[in-house]
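All values below were derived from every heavy atom in this structure, side-chain atoms included, with hydrogens, water molecules and symmetry-related copies excluded. Sequence positions, counted from 1, serve as the residue numbers for this chain.
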Amino acid sequence: MEVTKYMENINQLINERIKSIRRNNYVDSGNGLIQEIDEDINFDDICSMEKRNENLVVRFKGIYENRLTATFKNFTVICLPQDFNRDGNIKNGLSRKYEAAIIKIDHEKKEVYVSCIKGFEKIQAERSSFAKQLDNEIEQKIKKKERVIYPAKVIKILTKKNGNDYFTFAILSILDSKVTGFIYARDFAQCWIRDLRNVCSIGDWLDVEIVSRRKNDHAPYYWNCSRLNITESPWTKENIDDRFKRGDMLVVKCETLDKKSRWWWGSCDEVKGIELFCDFRKGVNIYPGGKYKCVIKQVSYKDKMFKVVPLEEFRILKDY
């Protein structure tokens with residue numbers, strides 16, 4: 001009974017989080033309801049929130065008498081410097097919305113005193129609790145061989161060198177929680193992606209499939225992610241087998257060279273989303289960034305092979 005109840009609770013939390021993210025609204029930071037103050041909320045609503053120990057979201061509207069304030073229909077929200085941050089510096093307090101905990105209500109003056117520090121601490125505690133539950137839920141689903149697909153936010157895009165070449169990967173926040181995902185450019189889509197920075201940015205939300213736990217002694221909630229089973233294949237989307245055949249000509253840009261110069265990889269605007277496998281040819285100088293007139297040698301959807309041979313360097317003739 002306890003296991004069943006636990007599974008129901010975590011599934012409900014996850015579903016609520018997903019719906020919130022997909023609506024592009026403020027993301028609930030845990031089990032508790034977070035209500036954003038607007039002009040329709042009244043003093044009685046705030047008092048009820050205090051009894052339920054709920055945080056509220058507020059955008060302060062002014063600074064005077066050395067305190068942050070926001071006045072609504074029949075009450076005022078106040079945050080003192082020592083409750084805003086550790087430094088007691090409130091000069092940036094009007095820059096954005098803050099999640100705050102209600103610490104005191106003056107019913108006679110209808111003043112609501114809040115603490116952004118305590119609000120943040122509550123967020124961290126709830127996110128940590130949610131992260132542990134979510135991490136366990138992911139692990140159980142993978143053990144049962146169930147597909148695990150959740151929206152995730154891009155929090156970092158990093159580049160690492162591999163000799164003269166480089167590769168990119170992204171760090172993700174699963175469901176805007178402390179559960180961390182990791183995805184390589186090669187696992188981002190079924191199409192060829194040279195650099196993740198060309199297709200996504202920090203703050204973007206993506207559907208990802210969580211496929212395995214990533215070994216990391218310092219981060220317990222760390223998962224390998226992929227979008228290969230989510231995104232569409234350019235081979236079928238672009239009808240590659242039907243559009244191109246052996247002997248056709250293309251202009252191909254050299255992207256990378258094999259370390260031992262046995263082959264090189266290229267891209268072509270006519271063949272979007274596919275990395276071309278290219279041979280060398282005597283008398284044709286191949287270098288990264290160069291463009292070449294090539295003849296198609298092999299096109300095979302079954303083998304996922306698009307092979308070309310360079311004929312000469314491509315140069316644009318000037319108009320006379």
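- For the residue pair Trp223 / Asp135, a side-chain donor-acceptor distance below 3.5 Å is found, with atom types taken as modelled.
- Atom CD of Gln298 and atom CE of Met305 lie 6.0 Å apart (nearest 0.5 Å).
- Heavy atoms from other residues, nucleotides or ligands lying under 6.0 Å from CZ of Phe169 number more than 12.
- If you take CD1 on Ile138 and CD1 on Ile174, they are separated by 6.0 Å, rounding to the nearest 0.5 Å.
- Rounding to the nearest 0.5 angstrom, the gap separating the CG atom in Leu175 from the OG atom in Ser173 is 8.0 Å.
- Thr231 contributes a side-chain N or O that, together with a main-chain N or O of Arg227, makes up a donor-acceptor pair within less than 3.5 Å.
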For this session: Show your working on side chain to side chain contact (heavy atoms under 4.5 Å, CB included) between Asn229 and Arg147 and close with a plain yes or no.
Result: CA-CA 10 Å; Asn229 293 325; Arg147 291 189 70 188; 3.4 Å; yes
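- Judged by distance alone, with hydrogens and angles left aside, the side-chain atoms of Asn74 form a donor-acceptor pair with the main-chain N or O of Phe43 at under 3.5 Å.
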Exercise. Going through the distances and angles, do Arg59 and Leu94 end up as a side chain to side chain contact (heavy atoms under 4.5 Å, CB included)?
Worked result: CA-CA 7 Å; Arg59 182 186 292 279; Leu94 306 180; over 6 Å; no
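- Side-chain contact between Asp269 and Val251: absent, with no pair of heavy atoms (C-beta onward) separated by less than 4.5 Å.
- Tracing side-chain contacts under 4.5 Å through hydrophobic residues (I, L, V, M, F, W, Y), one reaches Val148 starting from Leu13; they form part of the same cluster.
- Remark: side-chain polar atoms of Ser128 are not paired, donor with acceptor, to backbone N or O of Ala125 under 3.5 angstrom.
- Judged purely by atom type and a 3.5 angstrom limit, Thr69 has no side-chain atom pairing as donor or acceptor with the backbone of Ile78.
- Pairs of residues two or more places apart, or lying in two chains, that qualify as salt bridge (Lys or Arg N to Asp or Glu O under 4.0 Å) and include a residue from residues 276-288 are Asp279-Lys297, Asp279-Lys307.
- Judged by distance alone, with hydrogens and angles left aside, the side-chain atoms of Arg243 form a donor-acceptor pair with the main-chain N or O of Glu270 at under 3.5 Å.
- The minimum heavy-atom distance between Ile157 and Cys200, with the atom names listed, is CD1-O, 3.4 Å.
- In terms of hydrophobic clustering, with Ile, Leu, Val, Met, Phe, Trp and Tyr side chains grouped at heavy-atom distances under 4.5 Å, Phe188 and Val211 are assigned to different clusters.
- Between the side chain of Asn89 and the main chain of Lys91, a donor-acceptor pair closer than 3.5 Å is present.
- Tyr184 and Phe167 have tilted rings, their planes meeting at an angle from 30° to 60° on a 0 to 90° scale.
- We find the SG-CG distance between Cys225 and Leu206 to be 10.0 Å, quoted to the nearest 0.5 Å.
- Counting only N and O atoms by type, the side chains of Gln133 and Glu137 include no donor and acceptor under 3.5 Å apart.
- A salt bridge (Lys or Arg N to Asp or Glu O under 4.0 Å) check over residues 183-193, counting only residues at least two apart or in different chains, returns nothing.
- A donor-acceptor pair is defined here as one N or O able to donate and one able to accept, closer than 3.5 Å; no such pair exists between the side chain of Asn15 and the backbone of Gln12.
- Taking the ring axis of Phe182 as reference, the NZ or CZ atom of Lys156 does not stay both within 45° of it and closer than 6.0 Å to the ring centre.
- Between Leu257 and Pro288, the closest heavy-atom pair is CD1-CD, 3.8 Å.
- Closest non-hydrogen pair, Val154 versus Ala170, comes out as CG1-CB, 4.4 Å.
- The distance from the OG1 atom of Thr76 to the CZ atom of Arg67 is 8.0 Å, given to the nearest 0.5 Å.
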Exercise. Between Trp265 and Leu276, is a side chain to side chain contact (heavy atoms under 4.5 Å, CB included) present by the stated rule, with each step listed?
Worked result: CA-CA 6 Å; Trp265 298 97; Leu276 278 63; over 6 Å; no
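- Scanning all heavy atoms of the two residues, the minimum distance from Pro310 to Cys294 falls at CA-SG, 3.7 Å.
- The hydrophobic cluster analysis finds Ile117 isolated: no Ile, Leu, Val, Met, Phe, Trp or Tyr side chain comes under 4.5 Å of it, directly or through other members.
- The ring of Phe306 has its center closer than 6.0 angstrom to the ring center of Phe244.
- Trp263 and Phe280 have their aromatic ring centers separated by at least 6.0 angstrom.
- Every side-chain contact (heavy atoms from CB on, under 4.5 Å) that Asp44 has, sequence neighbours left out, goes to Asn42.
- Cluster annotation: Val309 and Met249 are assigned to the same hydrophobic cluster (Ile/Leu/Val/Met/Phe/Trp/Tyr, side-chain heavy-atom contacts under 4.5 Å, transitive).
- Trp264 pairs with exactly one of Tyr287, Phe277, Tyr292 by the ring-ring contact (aromatic ring centres under 6.0 Å, His included) rule, that one being Tyr292.
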For this session: Starting from the C-alpha separation in whole Å, work towards a yes-or-no answer on salt bridge (Lys or Arg N to Asp or Glu O under 4.0 Å) for Arg315 and Glu313.
Result: CA-CA 6 Å; Arg315 300 186 186 278; Glu313 188 167 359; 3.3 Å; yes
Side chains of residues 101-109: which donor-acceptor pairs under 3.5 Å do they make with residues two or more places apart or in other chains?
residue: Asp106; atom: OD1; partner: Glu108; partner atom: N; Å: 3.1
residue: Asp106; atom: OD1; partner: Lys109; partner atom: N; Å: 3.0

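- Ring pair Tyr98/Phe60 is tilted by interplanar angle, where 30° to 60° counts as tilted.
- The structure places NZ of Lys110 at 13.5 Å from OG1 of Thr71, a figure rounded to the nearest 0.5 Å.
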For this session: Could you walk me through whether Val179 and Tyr150 pass the side chain to side chain contact (heavy atoms under 4.5 Å, CB included) test, one step at a time?
Result: CA-CA 11 Å; Val179 178; Tyr150 291 136; over 6 Å; no
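- Donor-acceptor pairing under 3.5 Å is lacking for the side chains of Glu209 and Ser226.
- Taken together through direct or relayed side-chain contacts under 4.5 Å among Ile, Leu, Val, Met, Phe, Trp and Tyr, Ile296 and Val284 form part of one hydrophobic cluster.
- Cluster annotation: Ile63 and Tyr113 are assigned to distinct hydrophobic clusters (Ile/Leu/Val/Met/Phe/Trp/Tyr, side-chain heavy-atom contacts under 4.5 Å, transitive).
- Hydrophobic clustering, defined by side-chain heavy atoms of Ile, Leu, Val, Met, Phe, Trp and Tyr closer than 4.5 Å, groups Ile149 together with Ile230.
- Here the shortest heavy-atom pairing between Ile142 and Ile210 reads CD1-O, 3.9 Å.
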